[in-house]
Amino acid sequence: FILFLFCLYMFRFINDKFNLDLTYITRRLIVMAYPGDGMKGITWNNAKDVKRFFETRHPHAYMVYNLNIDNGFVYDYSRFDGRVREFGFADHSPPPLLLLVQICADIAAFLKQQPCNTVAV
């Protein structure tokens, strides 16, 4: 119930298997909240559920991008089988233009590798 109230105005991916703070922008581009453990996993997304989501819907064809430089939001690379890229910048701030170009280039390169590749930011 608390999670429902907290997320009342957010877009969520909800079906019979998942209830995640995650949405598809396109069929290959996903935006999601931080995949954490403990309280962060309750407040944002549970990392185990996010991993299961990707392995179910995009097996071996996904890359997770961490754009937050804050040490409290470090991604566990092993949890996502090394499919994590880090391009951190300050939370609630725009990235420097050069960094934005690097992020877009990296995403484009990954998406071009296979037509089924999907990215989550």
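What you see below is based on every heavy atom in this structure, not just the backbone, and it leaves out hydrogens, waters and symmetry mates.
- Here the side chains of Asn117 and Met63 are not in contact, with every heavy-atom distance at 4.5 Å or above.
- Inspection of the Tyr65 and Glu86 side chains reveals no N or O donor paired with an N or O acceptor under 3.5 Å.
- Taking all atoms of both residues into account, the shortest heavy-atom contact from Lys48 to Asn46 is N-OD1, 2.9 Å.
- A heavy-atom distance below 4.5 Å is not found between the side chains of Leu100 and Phe87.
- The distance from the CG atom of Leu67 to the CG atom of Asp91 is 10.0 Å, given to the nearest 0.5 Å.
- A distance-only check finds a donor-acceptor pair linking the side chain of Asp76 to the backbone of Ser78 [under 3.5 Å].
- Follow the hydrophobic side-chain contacts under 4.5 Å out from Val31 and you never reach Phe54; the two are in separate clusters.
- The shortest side-chain heavy-atom distance between Thr118 and Leu29 does not fall under the 4.5 Å cut-off.
- In this model, no donor atom of one side chain and acceptor atom of the other lie less than 3.5 Å apart for Asn66 and Tyr34.
- In this structure, Arg28 and Gln114 approach most closely via the heavy-atom pair NH2-O, 2.9 Å.
- Distance CZ/Phe53 to CD1/Ile30: 4.5 Å, rounded to 0.5 Å.
- By the rule that hydrophobic residues join a cluster once side-chain heavy atoms approach within less than 4.5 Å of another member, Val121 and Leu111 end up as members of one cluster.
- A donor-acceptor pair under 3.5 Å is formed between the side chain of Arg52 and the backbone N or O of Lys17.
- Heavy atoms only, all atoms of each residue included: Val119 and Ile107 are closest at CG2-CG2, 3.8 Å.
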Next item on the list: Would you please test Val64 and Arg85 for side-chain contact (heavy atoms from CB on, under 4.5 Å) and show each step?
Entry: CA-CA 6 Å; Val64 177; Arg85 301 263 211 260; over 6 Å; no

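- Nearest heavy-atom pair, Pro115 versus Arg27, reported as atom, atom and distance to 0.1 Å: O-NH1, 4.1 Å.
- Taking CG of Asp81 as the start and CD of Glu55 as the end, the distance is 6.0 Å to the nearest 0.5 Å.
- Scanning both residues, Tyr62 and Arg83, for their nearest heavy atoms gives O-CD, 2.9 Å.
- The two residues Phe110 and Ala61 come nearest to each other via the heavy atoms CZ-C, 4.2 Å.
- With 3.5 Å as the limit, one finds a donor-acceptor pair spanning the side chains of Tyr24 and Arg57.
- The only member of Ile69, Asn68, Ile103 that meets side-chain contact (heavy atoms from CB on, under 4.5 Å) when paired with Phe89 is Ile103.
- Atom CG in Asn45 sits 5.0 Å away from atom CG in Leu20 (nearest 0.5 Å).
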